[in-house]
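Contents: one structure, followed by commentary.
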Amino acid sequence: LLRNRFSRRWQYYVWLIVLARLLLPFTPEIGPLFRETEPSITRVSSAVSPAPEEIPSPVPAAATDMGNTVPDFLWILWLGTALILLIRKATLYQSFSRYVRAGCEEVSDVRLLDRLAQIGESLGVKRPVELYVNPLVSSPLLLGLFRPCIILPGARLPEDEFDFTVRHELIHCRRLDTLYKWLAQCAVCLHWFNPLVWLMRRELVRACELACDEAVIQGLSSEERRSYGDTLLHAMESGGNCRSVPAAVTLSEDAELLKERLEAIMRFRKISKPALMLSCALACMLTAFATAAGAYFAPAKTAPAAAITGSAVSGSSPAAQAQRFYDAGSLPLFQAVFPRLDESLQKAWLEKLYADEQIAFFSAAAAGLDMDDPLIT
């Protein structure tokens with residue numbers, strides 16, 4: 001909805017936040033909106049399971065074995081597929097890189113090399129970037145993560161087209177877009193079962209090119225922007241048939257994306273100060289909302305909860321076992337040990353479960369009481 005209200009660079013880095021979250025191996029707890037209030041899948045844990053003579057497990061042995069076997073099988077399937085995809089992508093990139101570099105010819109024109117150095121210095125590119133020519137590539141591209149190089153289909157380019165092409169690729173180099181594309185490939189490999197992640201990768205590539213175009217045309221006149229659009233068109237026509245792999249950064253290779261990029265170039269408008277202030281105000285509002293949603297006060301511990309904590313001493317007493325099973329989220333074992341508690345602890349547990357909104361545990365505990373029990377009455 002806000003795609004045309006914010007800069008392309010902002011939209012690109014928003015996708016990088018999503019990418020970072022997909023690659024995190026843990027879930028940060030932000031607030032009650034993202035906190036789990038109901039116990040998830042109950043699983044018997046050997047770390048909290050009592051001895052057989054103390055409490056008989058209500059879960060049949062066959063069900064326990066199946067619960068352990070199926071996740072292990074799915075784990076192996078997920079990890080094996082992820083490794084196969086990652087190895088395939090790395091192999092394809094390596095083969096493409098060797099093929100392209102084998103047919104490259106280093107540019108020896110001093111004028112072009114000086115122009116490349118001047119543009120790189122003006123953009124703040126600190127690393128040396130080499131310049132090659134290979135007529136087989138379908139479009140100018142930036143190749144290499146640690147030793148970046150720009151590969152052109154041909155060196156005989158008009159001066160303005162050469163400047164636009166080199167500027168585009170150097171901006172990719174300065175922003176480390178090659179690294180981000182590799183991270184997107186890793187996210188796709190890890191989440192290969194999720195079609196939305198594949199769509200995310202496509203949108204990230206799209207946002208990357210639009211953000212780079214926006215950086216190139218900053219400060220250009222309308223006529224110069226048109227010349228840059230012509231450069232993108234000529235890049236698709238002058239190259240060879242060797243299409244790049246997804247991890248490489250090209251100037252212009254996708255016809256559908258090229259159409260959108262040309263439209264964005266023609267509609268480009270500099271962000272005014274009121275619009276920038278509005279964007280900052282909206283960002284502050286979103287931050288304040290997220291902070292308010294994550295800030296909350298934990299309910300004060302009631303006397304029954306304190307009684308439970310005091311009774312859950314170390315050992316194998318029913319009170320300690322009930323506390324241990326509740327902390328582990330083991331509903332069947334908690335239900336099995338609950339009838340062994342005395343009446344005062346049962347009442348304290350029912351009040352605690354109700355206050356914690358643990359309805360599943362509350363129902364299981366109440367179901368273990370007799371109909372003529374004073375607590376039921």
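Excluded from the calculations below are hydrogen atoms, water molecules and symmetry mates; all remaining heavy atoms, backbone and side chain alike, are included.
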Which heavy-atom pair separates Asn134 from Tyr99 by the least distance, and what is that distance? ND2-O, 4.5 Å

Looking only at heavy atoms, the pair that brings Ala365 and Leu350 closest together is CB-CD2, 3.9 Å

Would you say [X] and [Y] make side-chain contact, with heavy atoms under 4.5 Å?
X	Y	answer
Trp182	Thr178	yes
Pro153	Ser139	no
Phe361	Lys352	no
Asp342	Leu345	yes
Val129	Val166	no
Trp349	Gln323	yes
Glu214	Gln218	yes
Leu152	Phe162	yes

Quick one: [atom1] on [X] to [atom2] on [Y], what's the gap to the nearest 0.5 Å?
X	Y	atom1	atom2	value
Leu232	Ser227	CG	OG	11.0 Å
Glu224	Phe164	CD	CZ	6.0 Å
Arg226	Thr231	CZ	OG1	12.5 Å
Leu183	Leu16	CG	CG	8.5 Å
Leu375	Glu351	CG	CD	9.0 Å
Leu204	Arg206	CG	CZ	10.5 Å

Give a yes or no on whether the backbone of [Y] and the side-chain of [X] come within a donor-acceptor separation of less than 3.5 Å.
X	Y	result
Trp192	Trp198	no
His172	Leu142	no
Arg8	Asp213	no

From CA spacing to verdict: side-chain contact (heavy atoms from CB on, under 4.5 Å), Val100, Tyr132: CA-CA 10 Å; Val100 171; Tyr132 295 95; over 6 Å; no

Measure the acute angle between the ring planes of Tyr326 and Phe334, then classify it against the limits of 30° and 60° as parallel, tilted or perpendicular. tilted

Between Arg115 and Gln118, do the side chains contain a donor N or O and an acceptor N or O under 3.5 Å apart? yes

Please report the C-alpha distance between Ser122 and Arg167 in whole Å, then the side-chain angles of each, then the deciding distance to 0.1 Å, and finally whether the side-chain contact (heavy atoms from CB on, under 4.5 Å) criterion is met. CA-CA 10 Å; Ser122 65; Arg167 181 176 295 271; 4.3 Å; yes

